[in-house]
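Order of appearance sets the numbers: ligands from 1, and atoms from 1 within every ligand. Counting from 1, the numbers follow the sequence of the chain as shown.
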Amino acid sequence: MPVPARLGVFRVLCLFAVFEAVCLLDTGMLFPRESSSREVKELNGRWDFRADKSPNRNQGFEKAWYKSRLAETGPVIDMPVPASYNDITQDPTLRDFIGWVWYEREVVVPARWIADEGTRVVLRVGSAHYYSVVWVNGVKVTEHNGGHLPFEAEIGSLIRKDPTQPCRITIAVNNTLTLDTLPPGNIQHMDDHTKYPDGFFVQNIYFDFFNYAGIHRSVLLYTTPKAYVDDITVVTDFLDNTGLVYYKVSVQGAATATLKATLMDKNGRCVASSSEPSGVLKVVDVNLWWPYLMHENPAYLYSMEVRLMATDSRSTYEDVYTLPVGIRTVNVTSTQFLINNKPFYFHGVNKHEDSDIRGKGFDWPLIVKDFNLLKWLGANSFRTSHYPYAEEILQMCDRHGIVVIDELSLVTSGVLLVRRDKNHASVVMWSVANEPAAEMTLIKHTKALDPSRPVTFITDSNYARDRGAPYVDVICVNSYFSWYHDPGHLEVIPIQLKTQFENWYGKYQKPIIQSEYGADAVAGFHSDPPVMFSEEYQKAVLQSYHNVLDQKRKQYVIGELIWNFADFMTVQGITRVVGNKKGIFTRERQPKAAAFILKERYWRLANETGRLPVWTKYPCSF
Ligand code: GCB
């Protein structure tokens, strides 16, 4: 049997087991969507804000700022949500602030939400960095540890207590990083009064991006009926021309319920349906989900509508939730990454959630611009270095066929990340960590949570650091030859890169992705012959890497992701020139010379390996 077919049979046998593992995850984290039974109210915009600048940063708790309007306990300033607060004002102490900041706003809750006891009202924060406590009308409703992932609390009973009161939401957020947080950091107090002012301390961090803080993603109120669809898990496969959508629906708020799952094609035509809470939907003449530039009709999404009916002594509830579903398979051999049994070569980027003014704040214009740039570049993939990105970004990847290596940061958020992102067709692999110290547990844990996807971790060029390699499916390697090693010596790249690949493959016989490489270039700095930090040097590094990648991709190298898509902010230091400048685009998303080198390469790779849609034959038309 050819390898893909053999793998196919194995997959079908394993799918139900996979499925059980994915479904074991507690309660659901379905993205809030409007439907005939659900409403969503965005609370984005202007909030009141105050940083607690008291010496112990604890005055807000000591004086219970959550008990009354924030403006009554001290001065407040305007703060946009979502956004990092750091770059919003001209105040350097707020940019570099460490400790608790307080956000507050009042919300008008629709009267019908309050009147109808059969409606659940949920408050959801898309993400806040790093530790958050949330109160509604002075009553604590939840707290959450860690940025980059959503958290929520049901607040219906609370706002029903006194419907005449406005709904006042207070969120305190603390960005202090310690050795127990992820990413980690530590606070260092400097007590030498001959050198430092009173109370002086610094937040040390062990990662290369600015410690942006605040409410970074949307804050929402949404409703569901009391009996509701809590979670949906889909795992997809296909046999010949028939698509298979294995699904499981979990319900909360009702002991028994009737369900109907209907799969619709792009035109809203029903292609399969079932009345069971779990099972398989079979799609005849399936349109598979293909990556951008791999197929003339990429990113085909079906819609799976789940309709629930439940009755209790008081009422009948109907809930409707619609999930986009892409049908595709992912497999790994010792030399290839297969999507729908066809070899896939990652030609893409690493990104950050980062831009000027907003910091890590979610911003639609930026997201759409970035997707246009990815397509212009001919990129078919990216890695969510070094934390989970906003769900809306993954939805864009599903819609546009951009393949994602989804990176998590620790075991608990690993559970949450798999729970949150398991249904995205674009997510083809989990990355458990970047250059980590203790990866084995993370790898095993993630594999157990979701055996339907390969797992990787990001290592560096030192193949002796191989604690995780035996357990991963794909080896991802970061290396910066002629930059951090042998700076200025472009001539070392061919030999060192070749050695790197041969060492890793020789030892493990697993496919390899060059998951980071690159060089800083300050846009507008020129030098011929090239010197470090000039645009010419960045170009030269890329070209040298590409020569070796072109040899090795014929063997076992299955991808290359440039570090980085765009320049991004970091802590101040002697190796950073107003941030990390390894972007091929500036922070304002203008191309450096290297972007044109990469664009030419990626379109050439796409022409060699994929089947381009007619409209992409002319990349200049973007
Ligand atoms: C790396 C890190 C990334 C850094 C990059 C660099 O290996 O994964 O976070 O920004 O190198 O430019 O040093």
Note to self: For the residue pair S479 / E516, report whether a side-chain donor-acceptor contact shorter than 3.5 Å exists.
What the structure shows: no

Next item on the list: Check whether any side-chain N or O of N350 sits under 3.5 Å from a backbone N or O of F382 as a donor-acceptor pair, and report yes or no.
Entry: no

Checklist line | Heavy-atom closest pair, residues S482 and I493 | finding: OG-CD1, 3.5 Å

Check: Listed by chain and number, what are the side chain to side chain donor-acceptor pair (under 3.5 Å) partners of D567, not counting sequence neighbours?
Finding: K592

Please give the N or O to N or O pairs under 3.5 Å between ligand 1 and the protein, distances rounded to 0.1 Å.
unit_1: ligand 1; atom_1: 7 (O); unit_2: E435; atom_2: OE2; d: 3.0
unit_1: ligand 1; atom_1: 7 (O); unit_2: E516; atom_2: OE1; d: 3.0
unit_1: ligand 1; atom_1: 8 (O); unit_2: H386; atom_2: NE2; d: 3.3
unit_1: ligand 1; atom_1: 8 (O); unit_2: N434; atom_2: ND2; d: 2.9
unit_1: ligand 1; atom_1: 8 (O); unit_2: E516; atom_2: OE1; d: 3.1
unit_1: ligand 1; atom_1: 8 (O); unit_2: E516; atom_2: OE2; d: 2.7
unit_1: ligand 1; atom_1: 9 (O); unit_2: H386; atom_2: NE2; d: 2.6
unit_1: ligand 1; atom_1: 10 (O); unit_2: D208; atom_2: OD2; d: 2.5
unit_1: ligand 1; atom_1: 10 (O); unit_2: W563; atom_2: NE1; d: 3.2
unit_1: ligand 1; atom_1: 10 (O); unit_2: N580; atom_2: ND2; d: 3.4
unit_1: ligand 1; atom_1: 11 (O); unit_2: Y480; atom_2: OH; d: 3.4
unit_1: ligand 1; atom_1: 11 (O); unit_2: E516; atom_2: OE1; d: 3.3
unit_1: ligand 1; atom_1: 12 (O); unit_2: Y484; atom_2: OH; d: 3.3
unit_1: ligand 1; atom_1: 12 (O); unit_2: W563; atom_2: NE1; d: 3.4
unit_1: ligand 1; atom_1: 12 (O); unit_2: N580; atom_2: ND2; d: 2.9
unit_1: ligand 1; atom_1: 12 (O); unit_2: K582; atom_2: NZ; d: 2.6
unit_1: ligand 1; atom_1: 13 (O); unit_2: Y484; atom_2: OH; d: 2.4
unit_1: ligand 1; atom_1: 13 (O); unit_2: R576; atom_2: NH2; d: 3.3

Item checked: Set of residues satisfying salt bridge (Lys or Arg N to Asp or Glu O under 4.0 Å) with respect to K510, sequence neighbours excluded -> none

Next item on the list: List for me each residue that meets salt bridge (Lys or Arg N to Asp or Glu O under 4.0 Å) alongside D486, sequence neighbours excluded, and say none if there are none.
Entry: none

